[in-house]
S.K.: 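Questions regarding the structure given below will be posed in turn.
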Amino acid sequence: MTMSSATLTSRLFEPARLGALHLPNRLVMAPLTRNRASADGVPEPIMATYYAQRASAGLIIAEATTPNAVGQTYPDIPAIYRDAHVAGWRRVTGAVRAAGGTMFLQLQHGGRIGHPETTGLTPIAPSPVAFPDPIHTPGGPRPGVVPREMTIEEIRSTADDFAAAARRAIDAGFEGVEVHGGNGYLIHQFLSDTTNHRTDAYGGPVAGRIRFAVEVVEAVADAIGPERVGLRIAPGVTANAMREHDIERVYPALVEALADKGLAYLHVVFADPGQPLFHRIRGDWPAVLIANPALPWPTPMPADGGRYAGERLLAAGADLVSLGRAFLANPDLVERFRRGAPLNPVRSEYWYGGGELGYTDYPVLAGPAVRTGTSAGA
Ligand SMILES: Cc1cc2nc3c(=O)[nH]c(=O)nc-3n(C[C@H](O)[C@H](O)[C@H](O)COP(=O)(O)O)c2cc1C
């Protein structure tokens, strides 16, 4: 896309409502795991710098954060189940708020994506189906282990842990939370028939496999109010060895089960609006729909950061567009899009762990901000 007056007046720069919140534009920073918390899950001060640099996003969804010890996926990811975690996150949300930003926190339980060498615990999952690939641990990559099948009691207590984590997230200054139902982690493992072989009420037919997702979302909504809760899903995404055979039945059923709960949003990965599931979900979902234009994964980041694909999804009915790598590499992404300026290339070697390099050192454009459209000063 070339710079033109159309570029400057894109719908991306229109304000939007999200629950009770007013967002200055429709660009959402997608959650991005960066492994820069302390070994016990406390957000480090550098994370406040990183997120504050990106505060011009209409909404930031902070990286996957574990609601309990056994749910931890990888080393140095943040947590939100102890007071020290809350205190660390408070520094981050304070810095983002001071910079004018709005922030949700993504809650992620890894299920079978976890390792005793990281947590000291055997991972738990819907069924004892091992993750087939190596998992990153503090000592390096290790073969996935067979997870222990969750008891009904553990299923309930895990939903309670999500709810407690959501309360703590609000206490830490977030505007809301996003429940991570995608990318092969615990909730996704319940949705898929390849990882869920249960014969009780949480497995089997579609109604059984969506039950855990629905109960987690309900527990979180009861804890902090549905208008502060989003759900991320990734129908058909094969990340983390996920395989699904019936996405055309599972996801419409899940969307239908949650449609009348008054939630803030649904966040979905879509290749493009030509996907039949896009129209189905858009039609059935009454609240805000955030579209993340990336499939199949992994694909290299497009030169425009995903903007063109995002504009197409907006035109087809999405309300907000989330971008991951473009925000990772461009703290001033909104301004760059406004100006039609080129983007910084993303340096993937610094994605997972390390310090400032490839984290807080991406350059911003020089010169005064361009103010356009209705978003000026909002
Ligand atoms: C470094 C990195 C970390 C990611 N971490 C998360 C995460 O914590 N939670 C999540 O839901 N998705 C995560 N994703 C997926 C992104 O949110 C997004 O869906 C993906 O990057 C595709 O969007 P993009 O093309 O705009 O980057 C991650 C992606 C990358 C590149």
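All values derive from a computational prediction rather than experimental measurement. We count ligands from 1, going down the list as the structure has it; atoms in each ligand are counted the same way.
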S.K.: Which heavy atom of the protein is the closest neighbour of atom 30 (C) of ligand 1, given with residue, atom name and distance?
M.R.: L32 CD2, 3.6 Å

S.K.: Considering non-hydrogen atoms of the protein only, which is the closest contact for atom 26 (O) of ligand 1, and what is the distance?
M.R.: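 For this ligand atom, the closest protein heavy atom is G324 N, 2.7 Å.
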
S.K.: In terms of residue, atom name and distance, what is the protein heavy atom nearest to atom 20 (C) of ligand 1?
M.R.: W297 CZ3, 3.7 Å

S.K.: Suppose we screen for side chain to side chain donor-acceptor pair (under 3.5 Å). Which residues come up paired with R168, at least two apart in sequence or across chains?
M.R.: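 Here the qualifying residues are D83.
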
S.K.: So, is T33 polar-close to ligand 1, with some N/O to N/O distance under 3.5 Å?
M.R.: yes

S.K.: Decide whether a cation-pi geometry holds between R307 and F337; the criteria are a distance under 6.0 Å from NZ or CZ to the six-membered ring centre and an angle within 45° of the ring axis.
M.R.: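 Checked: cation-pi criterion met.
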
S.K.: For ligand 1, which atoms have a heavy atom of N183 less than 4.0 angstrom away?
M.R.: 10 (C), 11 (O), 12 (N)

S.K.: Please determine if L323 has a nitrogen or oxygen closer than 3.5 Å to a nitrogen or oxygen of ligand 1.
M.R.: no

S.K.: Atom CD of residue position E256 - does it have more than 12 heavy atoms of other residues, nucleotides or ligands inside 6.0 Å?
M.R.: no

S.K.: Decide whether an N or O pair under 3.5 Å exists between R34 and ligand 1.
M.R.: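 No - when backbone and side-chain N and O of R34 are compared with those of ligand 1, no distance drops under 3.5 Å.
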
S.K.: Just going by heavy-atom distances, which of A239, A64, P302, P31 is nearest to atom 17 (O) of ligand 1?
M.R.: P31

S.K.: Are any of the side-chain nitrogens in E335 or R339 under 4.0 Å away from the carboxylate oxygens of its partner?
M.R.: yes

S.K.: Under 6.0 Å between ring centres, would you say that holds for Y185 and H180?
M.R.: yes

S.K.: Does ligand 1 come near enough to Q106 that some N or O of the ligand is less than 3.5 Å from an N or O of the residue?
M.R.: yes

S.K.: Return the set of residues passing ring-ring contact (aromatic ring centres under 6.0 Å, His included) with F174 (not counting sequence neighbours), or none when no residue passes.
M.R.: W89

S.K.: Do N196 side-chain atoms and G204 backbone N/O form a donor-acceptor pair below 3.5 Å?
M.R.: no

S.K.: What atoms of ligand 1 come within less than 4.0 Å of a heavy atom belonging to R325?
M.R.: 24 (P), 25 (O), 26 (O), 27 (O), 31 (C)

S.K.: So which heavy atom in the protein is nearest atom 18 (C) of ligand 1, and how far is it from that ligand atom?
M.R.: N292 OD1, 3.4 Å

S.K.: Based purely on interatomic distance, does Y352 place a nitrogen or oxygen under 3.5 Å from a nitrogen or oxygen of ligand 1?
M.R.: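 By distance alone, the answer is no.
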
S.K.: Could you say whether the N/O atoms of V269 and ligand 1 ever approach to under 3.5 Å?
M.R.: no

S.K.: Please check this pair: side chain of R312 against backbone of Y308, looking for a donor-acceptor N/O pair closer than 3.5 Å.
M.R.: no

S.K.: Does any donor atom in the side chain of D76 or N35 lie under 3.5 Å from an acceptor atom in the other side chain?
M.R.: no

S.K.: Looking only at N/O atoms, are R232 and ligand 1 under 3.5 Å apart anywhere?
M.R.: yes

S.K.: Would you say the side chains of N330 and Y362 form a donor-acceptor pair under 3.5 Å?
M.R.: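 No, no side-chain donor-acceptor contact under 3.5 Å.
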
S.K.: Without hydrogens or angle criteria, can the side chains of T118 and Q72 be said to hold a donor-acceptor pair below 3.5 Å?
M.R.: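 No, no side-chain donor-acceptor contact under 3.5 Å.
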
S.K.: Any atoms of ligand 1 less than 4.0 Å from a non-hydrogen atom of A294? List them with their elements.
M.R.: 22 (C), 23 (O), 25 (O)

S.K.: Regarding ligand 1, does E63 bring an N or O atom to under 3.5 Å of one of the ligand's N or O atoms?
M.R.: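 Such a contact does not occur with ligand 1.
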
S.K.: Quick one: which ligand 1 atoms are inside 4.0 Å of a heavy atom on A30?
M.R.: 17 (O)

